[in-house]
Chemist: 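Please see the structure below; I have some questions.
Basis for what follows: all heavy atoms, side chains included, without hydrogens, waters or symmetry-related copies. Owing to the predicted nature of the structure, the values given are computational and were not obtained by experimental measurement.
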Amino acid sequence: MYKHLYSRFLKAHSNTLHFACHSHHYWPDVTREAQISYWDDSCLHVDNKWSYLFGEKIPQAQKLIAEVLHLSHPEQLVFAPNTHELVFRLLSSLDWCKKNRILTTDSEFYSFDRQINRLAEFGAFEIEKIPTLPIETFHQRFTRALQSSSWDLVFLSHVFFNSGLVCDFQKLSREASAETLFVVDGYHGFMALPTDLSSVQEKVFYLAGSYKYAQGGEGACFLYVPPATRHRPLNTGWFAELAQLASVKNEVGYPTGSLQYAGSTMDFSALYRLIAVLDAFHSNEISVKTIHSFVKRNQDFFLEKLTALQHNLIHTECLLRASDRSQVHGHFLTFQLPSSELTKKTVERLKEKGLLVDSRGDRLRFGFGLYHAEQDLLRAVQIISEI
């Protein structure tokens, strides 16, 4: 139904079934013209490029993203080439002269988890990680931790990258104190699960980007900054003083808007690609709700055929999901296998037969996107039956 949007990537990989779109999504064809447009605009504007980007293209991207997330303050979105840069800038907003207490989970992506593990080696950081499994009790356990002590930073994902399980971050954010920096990693949920931030936009910092379900490729990540925020991150770049460059002296000033979290020079071609995808979806009347419904139907069909297969290794008994099957799930299915070694071997065996999936430790992940048709799902199950 939607394959025509991805003809170039599908043609380039005609012998591969790509079920790793939660990791690196195929790009719609419109992104190629967007990439060329960035070159053309750079050629046209040259020294005035930054004025054009910040005056035209960034507001365009902010508006499109705000519409998806139901945000009233599109200007509160700031961009960076990756989420790690934004994560570290958030961490650098804390007072490193005192002990900082961070509450998070055991299922955060590496851009955050690796960084806080390193910072935990210093006496100024104390980290508590709440296990996400079993998911049925996660919210109660996380709430107890929230209420048991004061926290300088709370960081958790909307969709956990190693399971596809979904967190009700809005409910949890209401349990946190007003002084706590509350950050949501929305990367595996943005443009996959319908997300309405309107009720928490005065409190929650939200991170995401274009690499996965936004389908624009790497290089365009963003942070939503609540309007009342007045921070002075230690990690800061010249974009933060873009409006006062001619009068900058030794004092380090910060704007009151989202640019207080800005970095420095970056390649904005990814922003052009993201804009092109969001525009194309709007033109084709493809909403996040439409995408989610399509993917859920495909997931249900895949699981139905997999159940009938009764494979001895990849089966629904080892699928990580909530016991309440009506619960919302992310756009990838995660199967927990007996060992990391066996999982890695399974990924390779599937790849040899033309089915591309990925894994994290002992967890095998199958991602679903708009470029999957019923025959792709049937072929995937057939390949599973052959290993």
Side-chain angles (χ1 to χ4, degrees), residues 69 76-78 80 82-96 98-122 124-133 135 138-190 193 195 197 200-209 211-212 221-226 229 231 233-235 258 260-261 330 360:
L69 296 172
Q76 291 301 122
L77 290 159
V78 62
N82 56 72
T83 55
H84 177 256
E85 181 176 312
L86 294 167
V87 161
F88 197 76
R89 202 158 291 133
L90 283 160
L91 288 166
S92 79
S93 295
L94 303 175
D95 182 359
W96 287 28
K98 72 176 187 68
K99 176 167 287 190
N100 288 284
R101 306 191 69 242
I102 298 175
L103 178 64
T104 185
T105 80
D106 66 348
S107 299
E108 299 309 315
F109 192 69
Y110 311 116
S111 55
F112 177 75
D113 194 61
R114 173 181 168 83
Q115 188 64 73
I116 61 164
N117 288 342
R118 179 69 175 92
L119 290 174
E121 298 174 11
F122 294 88
F125 289 88
E126 180 182 328
I127 319 295
E128 182 171 344
K129 298 181 181 181
I130 306 300
T132 55
L133 298 179
I135 195 64
F138 167 73
H139 292 86
Q140 296 94 313
R141 290 182 286 110
F142 202 90
T143 298
R144 281 200 300 271
L146 265 176
Q147 297 175 341
S148 68
S149 184
S150 59
W151 303 97
D152 297 287
L153 173 69
V154 173
F155 190 104
L156 76 171
S157 294
H158 182 192
V159 177
F160 297 113
F161 85 101
N162 58 2
S163 65
L165 297 169
V166 176
C167 165
D168 187 351
F169 67 86
Q170 301 197 21
K171 178 181 178 182
L172 292 174
S173 70
R174 288 190 280 271
E175 303 293 339
S177 71
E179 295 74 31
T180 301
L181 199 63
F182 198 100
V183 184
V184 174
D185 181 349
Y187 221 136
H188 285 84
F190 179 62
L193 302 186
T195 304
L197 297 181
V200 295
Q201 63 182 325
E202 305 301 323
K203 182 175 187 178
V204 167
F205 290 76
Y206 180 92
L207 281 163
Y211 192 47
K212 305 183 189 301
C221 292
F222 63 85
L223 172 69
Y224 173 74
V225 182
T229 304
H231 289 165
L234 291 170
N235 183 315
S258 62
Q260 64 195 280
Y261 271 94
R360 292 292 182 264

Chemist: Roughly how far apart are Thr180 OG1 and Ile102 CD1, rounded to 0.5 Å?
Modeler: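 Spacing of OG1 (Thr180) from CD1 (Ile102) equals 11.5 Å.
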Chemist: For Ser107, which residues count as a side chain to side chain donor-acceptor pair (under 3.5 Å) partner, sequence neighbours excluded?
Modeler: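 Once residues adjacent in sequence are excluded, the partners of Ser107 under the side chain to side chain donor-acceptor pair (under 3.5 Å) criterion are Thr132, Asn162.
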Chemist: Would you check if the side chain of Ser111 reaches a backbone N or O of His84 as a donor-acceptor pair within less than 3.5 Å?
Modeler: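 Side chain of Ser111 to backbone of His84, a donor-acceptor pair under 3.5 Å: no, none is there.
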Chemist: With a 6.0 Å cut-off on ring centres, are Tyr110 and Phe161 close enough?
Modeler: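 Yes - the distance between ring centres of Tyr110 and Phe161 falls below the 6.0 Å cut-off.
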Chemist: Taking Thr104 for the side chain and Phe155 for the main chain, is one N or O donor matched with an acceptor at less than 3.5 Å?
Modeler: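 At least one qualifying donor-acceptor pair exists.
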Chemist: Flag the pair Phe138 / Phe160 as yes when their ring centroid distance falls below 6.0 Å, and as no otherwise.
Modeler: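 Yes, close enough.
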Chemist: Which pair of heavy atoms, one from Ala145 and one from Leu103, lies closest together, and at what distance?
Modeler: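 In this case the closest contact between Ala145 and Leu103 is CB-CD1, 3.9 Å.
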Chemist: Just wondering, are more than 12 heavy atoms of other shown residues or ligands nearer than 6.0 Å to CZ in Arg114?
Modeler: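 It does not: Arg114 CZ has 12 such atoms or fewer within range.
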Chemist: Can you tell me how far apart CZ (Phe182) and CZ (Phe205) are? Round to the nearest 0.5 Å.
Modeler: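 So the gap between those two atoms works out to 12.0 Å.
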Chemist: Tell me if a side-chain donor or acceptor on Lys171 pairs with a main-chain N or O of His139 at a distance below 3.5 Å.
Modeler: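 A pair under 3.5 Å: no.
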Chemist: Would you say the side-chain atoms of Gln260 pair up with the backbone N or O of Thr229, donor to acceptor, closer than 3.5 Å?
Modeler: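 Yes.
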Chemist: Is it the case that the side chain of Trp151 and the backbone of Ala176 share a donor-acceptor pair, with hydrogens and angles ignored and the cut-off at 3.5 Å?
Modeler: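 It does not hold such a pair.
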Chemist: Walk me through it: do Tyr187 and Phe112 pass the test ring-ring contact (aromatic ring centres under 6.0 Å, His included)?
Modeler: CA-CA 12 Å; Tyr187 221 136; Phe112 177 75; over 10 Å; no
Chemist: Looking only at heavy atoms, what is the nearest atom pair of Ser150 and Arg101, with distance?
Modeler: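 Looks like O-NH1, 2.8 Å.
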Chemist: Looking at Phe125, is its backbone amide N or carbonyl O close enough to the side chain of Asn100 to form a donor-acceptor pair, meaning the two atoms are under 3.5 Å apart?
Modeler: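 Not confirmed, Asn100 side chain does not pair with Phe125 backbone.
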Chemist: Quick check: does any side chain N or O of Tyr211 sit under 3.5 Å from a backbone N or O of Asn82, one acting as donor and the other as acceptor?
Modeler: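 Flag not set: sc Tyr211 to bb Asn82 has no pair under 3.5 Å.
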Chemist: How close do Ser157 and Glu108 get, heavy atom to heavy atom, and via which atoms?
Modeler: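 What the structure gives for the nearest pair is OG-OE1, 2.6 Å.
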Chemist: Return yes if some donor-acceptor pair links the side-chain N/O of Tyr261 with the main-chain N/O of Arg89 below 3.5 Å, else return no.
Modeler: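 Looks like no, no N/O pair under 3.5 Å.
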Chemist: So do the side chains of Lys99 and Asp152 get within less than 4.5 Å of each other, counting heavy atoms only?
Modeler: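 The answer is no; the side chains never approach within 4.5 Å.
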